[in-house]
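Numbers here simply count residues along the sequence, with the first being 1.
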Amino acid sequence: MEKLHRRLYSIDALRGGAALGVVLFHAFFLERGYIIPGFSSAGAGLITGTLDRTLKLFFSYGFTGVFLFFVISGFCIHLRWTKAKAAGNGGDLGFISFWKRRFRRLYPAYLAALTIYLLVHYFTHQFQLSWFTAWDVGLHLLMLHNIDYRTVYSLNGVFWTLAIEEQLYLGYFLLLIIRGRFGWIKTLSFLLAGRFLMYGLGAFIRVAFNVYTPINEAAISNWFIWALGAVSVEAVFGLLTLPSWCRKARLGLAFLLLAGAMDYADRTVDAHGLIHLLLITVITPLWGIGFFIVLNRIVSLESGWRSLGRVPSITRGLAAIGIFSYSLYLMHGLIQYQFTFFVPFLNNLPDATGQWVRLLILSPLAVAFAWLFFRIFEKPFLAPPSYKIQTAAIQAAAASSATEAPV
């Protein structure tokens, strides 16, 4: 019987799928100001041809990999505390030791990627020394670039999510306090209310002062879906029992389809209107709940894979990509877009042709380059896998799905 490693294939596979979703999304859509089928705005043309429109519509949902990443992040970050708590060790993380691990895990690869992007901006004449440049780079170094709309997407269109992650790590200890005092149902309710308050505040500032604030890119706005992953890992270790519906694949798919339909409807309304504000406030939590259910279901299936000694081929393949998904997330834009500045032939292709070149040629090249980047800048700083989980814990999680009880 094949010997299985102690990492969760299910989590690595979901990470790989999320990363590929973002890569495929960016193959068709620019990192900022993208136009997707059904979105109406000044000068926005629709793709002609049924096949092109269908494929582009499908890939337009690749951005949701970001929300899956947030759920997975909550799962993985909360794992150490959960394992200690389940073992009766009190779950004391230690603020300093926690941040040392986070810095070592994220910053070497991030600083390398940031340096590469700055060099590319310099050699493509997009980089000019100014006070704003210093402000921009400084905010990126501190992972605060999501507080200023001018810097959210300025150096690399995906770095905004990393700022959210760092800020959620900072809020993690507060989350533990709230969770310990009020329980998960009230905690999740508080976080969801915080999202609505943030969007209401953003709307007020826009109307009263004509200032646009990056509310969608704020950590508080995404805290709810991140916390769902923390709930999931506690269920795996038996600290709580989830209702059976939390592992129903069809229900998870229903939430994702509902979020997708609402997202499509949002593309047809005024991007600055009240309907858009209401839709966007609700859509992201729906994505989060859908991915939360999917994650629970797939993790529960892993006990079966381990008992049989086999892992589905597609899961194994996605898990292999999931190992270096952080590097892929950081660097795919370099190959898909910035790389073309140095290859005039690629830079001068018609837009429609360029999209397919990015999909069929540059995206696989980005995966290969990300693997090399991972070997050089990420792997040397990796600690042993932080989410080693015994089969018994996964089997217990699967068994608990048959018992319906409040969180």
Side-chain angles (χ1 to χ4, degrees), residues 5 7-27 31 62-77 79 100-121 140-141 143 145-146 153-166 168-169 229 315-340 342 358-359 361-387:
H5 69 185
R7 293 177 66 110
L8 276 175
Y9 278 104
S10 49
I11 294 297
D12 281 335
L14 288 171
R15 292 176 66 187
L20 287 178
V22 174
V23 170
L24 295 176
F25 171 77
H26 284 148
E31 294 178 344
F63 75 93
T64 61
V66 168
F67 307 132
L68 178 53
F69 268 129
F70 286 153
V71 177
I72 295 171
S73 176
F75 184 102
C76 294
I77 295 302
L79 178 63
K100 284 182 178 179
R101 291 192 300 272
R102 289 294 87 208
F103 187 90
R104 179 183 175 87
R105 174 65 183 89
L106 296 178
Y107 258 88
Y110 173 69
L111 292 177
L114 183 60
T115 301
I116 291 171
Y117 276 98
L118 286 173
L119 288 173
V120 169
H121 278 279
H140 274 81
L141 289 173
M143 295 281 197
H145 46 281
N146 62 330
Y153 304 100
S154 58
L155 299 180
N156 182 341
V158 302
F159 281 176
W160 65 278
T161 64
L162 305 182
I164 291 176
E165 288 279 3
E166 288 292 305
L168 290 175
Y169 299 157
T315 302
R316 187 184 296 276
L318 288 174
I321 296 175
I323 298 295
F324 63 95
S325 59
Y326 179 48
S327 291
L328 179 57
Y329 189 76
L330 286 173
M331 298 306 298
H332 69 275
L334 179 74
I335 303 300
Q336 287 180 321
Y337 288 97
Q338 279 77 12
F339 177 68
T340 62
F342 302 99
R358 285 193 295 273
L359 175 67
I361 299 176
L362 297 184
S363 293
L365 183 61
V367 174
F369 179 80
W371 178 84
L372 180 62
F373 181 89
F374 165 80
R375 302 282 297 186
I376 298 172
F377 296 108
E378 186 180 353
K379 187 177 181 180
F381 301 95
L382 289 179
S386 61
Y387 46 91

Separation between CH2 (Trp160) and NE2 (His145), nearest 0.5 Å, reads 10.0 Å
Sequence neighbours excluded, the answer for side chain to side chain contact (heavy atoms under 4.5 Å, CB included) partners of Thr315 is Tyr9, Ala13, Trp305, Val311, Pro312
For Tyr329, the ring pair (Phe, Tyr, Trp, His ring centres under 6.0 Å) test, sequence neighbours excluded, returns Phe69
Rounded to the nearest 0.5 angstrom, the CZ-CG distance for Phe374 and Leu328 is 12.0 Å
Correct closest heavy-atom pair for Arg358 and Ala27 would be NE-O, 2.9 Å
Between Tyr169 (side chain) and Ile77 (backbone), is there a donor-acceptor pair under 3.5 Å? no
Smallest heavy-atom separation, Leu330 atom then Asn156 atom, equals O-ND2, 3.2 Å
4.5 Å side-chain heavy-atom contact, Leu168 and Ser73 | no
Scanning both residues in full, the closest heavy-atom pair of His121 with Leu155 reads NE2-O, 3.1 Å
* If we only count heavy atoms from C-beta on, is the Met331 to Phe324 side-chain gap below 4.5 Å? -> no
The ring pair (Phe, Tyr, Trp, His ring centres under 6.0 Å) partners of Phe159 (sequence neighbours excluded) come to Tyr110, Tyr117
*asked:* Less than 4.5 Å apart, side chain to side chain, heavy atoms only: is that true for Leu318 and Asp12?
replied: no
Whether the side chain of Gln336 engages the backbone of Val23 through a donor-acceptor N/O pair (distance < 3.5 Å, no angle test) should be reported. yes
Between Leu68 and Leu14 the two heavy atoms that sit nearest each other are CD2-O, 3.6 Å
* **Side chain to side chain, Leu362 and Leu365, heavy atoms closer than 4.5 Å** => yes
dist Leu8:CG -> Arg15:CZ (nearest 0.5 Å) comes out at 11.5 Å
Separation between CE (Met143) and CD1 (Ile164), nearest 0.5 Å, reads 11.5 Å
Closest non-hydrogen contact found for Phe369 with Leu334 is CE2-CD2, 3.8 Å
Side chains of Val158 and His26, heavy atoms from C-beta outward: is any pair under 4.5 Å? yes
Nearest heavy-atom approach of Ser325 to Ala19 is CB-CB, 3.8 Å
Rounding to 0.5 Å, atoms CG (Leu118) and CG (Leu111) come to a distance of 10.5 Å
When you compare the side chain of Ser154 with that of His140, does any pair of heavy atoms fall below 4.5 Å? yes
The single option from Thr64, Thr161, Val66 that satisfies side chain to side chain contact (heavy atoms under 4.5 Å, CB included) with Val22 is Val66
Min side-chain heavy-atom separation Phe63-Phe67 under 4.5 Å
yes
query = Given side chains that start at C-beta, do those of Leu106 and Leu162 come closer than 4.5 Å, heavy atoms only?
reply = no
